[in-house]
Amino acid sequence: MKIVALSVLLLLSLVAVSSAEEFDFFYLVQQWPGSFCDTKKGCCFPDTGKPATDFGIHGMWPNYAKCKTRREVGGALEMVTKRKKKCWPEFCNNGEPLKIAAITDLLKGLDANWPTLACKSGKSFEFWSYEWKKHGTCSGLDQHGYFSAALGFKAQHNLTAILAGAGIAPSDEKTYFLSSIRDAIKEGTGFTANLECNRGAAGETQLFQVYQCVDRAGEKLIDCPLPMTGNCKDRVQLPAFRLN
């Protein structure tokens with residue numbers, strides 16, 4: 001029995017290692033807080049207070065350029081994920097929880113740029129810990145490198161300022177062409193990005209998340225290699241971010 005148990009542990013370890021290596025690019029995902037909060041579910045501010053009226057990081061996610069079938073990922077991986085297709089690696093090393101000591105010098109930047117808006121606990125560290133556990137452990141980066149890279153890419157291009165420069169400002173009345181948002185981001189960053197929308201409390205379509213793409217080494221932005229419908233319409237809102 002001990003031999004069998006050790007064999008299973010070794011197999012799962014090899015699965016985790018191969019998952020960490022087998023991806024093609026990252027999605028750097030930033031979410032608009034007004035759209036997160038303007039839903040029937042609503043939002044809660046973190047214990048550090050109301051975040052700035054600015055796009056906030058959701059995560060930096062390793063992704064495949066093509067989804068893998070059950071045969072391609074192999075029986076062991078399929079046994080772990082329970083999916084027919086797998087479009088990204090995840091949970092590659094559950095034995096490596098995020099340690100606050102590894103990111104101490106980044107905490108101020110993380111609080112400002114990667115705040116939680118979920119009502120589960122109000123503690124952003126729990127949000128970061130989950131993102132590290134699900135996505136960061138598959139990135140090939142250490143804990144400090146993973147969070148530092150995400151902060152660095154966000155600092156390169158302020159999406160809120162880029163959209164404002166194109167006349168796209170938060171408003172509860174105005175709507176904007178989705179193509180105008182996409183074009184503004186391409187002009188402001190130099191690269192194409194994918195867009196995701198959600199539905200507001202009144203059912204309106206609103207810009208929710210921007211998916212910028214990063215090369216596999218985590219060193220530079222690239223054009224996103226995959227199209228995304230993102231649940232959007234031709235015109236969308238960018239709702240104001242208000243106090244609850």
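- Contact between Q237 and K174 at its shortest, heavy atoms only, is CG-O, 3.4 Å.
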N/O donor-acceptor pairs under 3.5 Å from side chains in residues 39-47, not counting sequence neighbours:
residue : atom : partner : partner atom : Å
T39     : OG1  : F36     : O            : 3.4
T39     : OG1  : K41     : N            : 3.4
T39     : OG1  : G42     : N            : 3.1

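- Relative ring orientation between Y211 and Y27 is described as perpendicular, the plane-to-plane angle rising above 60° on a 0-90° scale split at 30° and 60°.
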I'd like to know whether F26 forms a side-chain contact (heavy atoms from CB on, under 4.5 Å) with F153, so could you lay out the CA-CA distance, the side-chain angles of the two residues, the decisive distance to 0.1 Å, and finally the verdict. CA-CA 12 Å; F26 289 95; F153 284 116; over 6 Å; no
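- Minimum interatomic distance between A169 and Y176 (heavy atoms only, all atoms of both residues): O-OH, 2.7 Å.
- Donor-acceptor pairing under 3.5 Å is lacking for the side chains of N231 and E196.
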Atom pairs and distances, side-chain donor-acceptor, residues 102-110, under 3.5 Å, sequence neighbours left out:
residue : atom : partner : partner atom : Å
T104    : OG1  : I100    : O            : 3.1
T104    : OG1  : A101    : O            : 3.4
D105    : OD1  : H144    : NE2          : 3.0
D105    : OD2  : H144    : NE2          : 3.0

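- Taking CG of D223 as the reference point, atom CG of N194 lies at 10.5 Å (rounded to 0.5 Å).
- Considering only heavy atoms from C-beta on, V210 comes within 4.5 Å of L195 through its side chain.
- Contact record, L178 with K233: CB-O, 3.6 Å, taken as the closest heavy-atom pair.
- Heavy-atom minimum distance, L98 versus W132: N-CD1, 3.7 Å.
- F125 and L151 end up in the same hydrophobic cluster when Ile, Leu, Val, Met, Phe, Trp and Tyr side chains are linked at under 4.5 Å.
- Seen from the ring of F191, K220 does not count as a face-on cation partner, given the 6.0 Å and 45° thresholds.
- The shortest distance between side-chain heavy atoms of D38 and E204 falls below 4.5 Å.
- Residues S121 and E126 bring a donor and an acceptor atom of their side chains to less than 3.5 Å of each other.
- Hydrophobic clustering (ILVMFWY, side-chain heavy atoms < 4.5 Å, transitive): F127 and W32 are in distinct clusters.
- Put simply, the side chain of E131 does not reach to within 4.5 Å of the side chain of I57, judged on heavy atoms.
- Considering all non-hydrogen atoms of both residues, A184 and L163 come closest at CB-CD2, 4.1 Å.
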So Y146 and H135, side-chain contact (heavy atoms from CB on, under 4.5 Å) or not? Walk me through it. CA-CA 10 Å; Y146 175 74; H135 302 287; 3.8 Å; yes
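- Crowding of K99 atom NZ: a count of heavy atoms from other residues, nucleotides or ligands under 6.0 Å exceeding 12.
- Annotation for E187: atom CD does not count as buried by contact number, only 12 or fewer foreign heavy atoms lying within 6.0 Å.
- Residues satisfying the side chain to side chain donor-acceptor pair (under 3.5 Å) test with H58, not counting sequence neighbours, are Q209.
- Both M228 and F25 belong to a common hydrophobic cluster when Ile, Leu, Val, Met, Phe, Trp and Tyr are linked at side-chain heavy-atom distances under 4.5 angstrom.
- In terms of modelled atom types and a separation under 3.5 Å, the side chain of R216 and the main chain of F23 share a donor-acceptor contact.
- Looking at heavy atoms from C-beta onward, V29 lies out of side-chain contact with Q31 at the 4.5 angstrom threshold.
- Following chains of ILVMFWY side-chain contacts shorter than 4.5 Å, one cannot reach F55 starting from F208, and the two form parts of different hydrophobic clusters.
- Between N158 and D54, the shortest heavy-atom distance links the atoms OD1-OD1, 3.7 Å.
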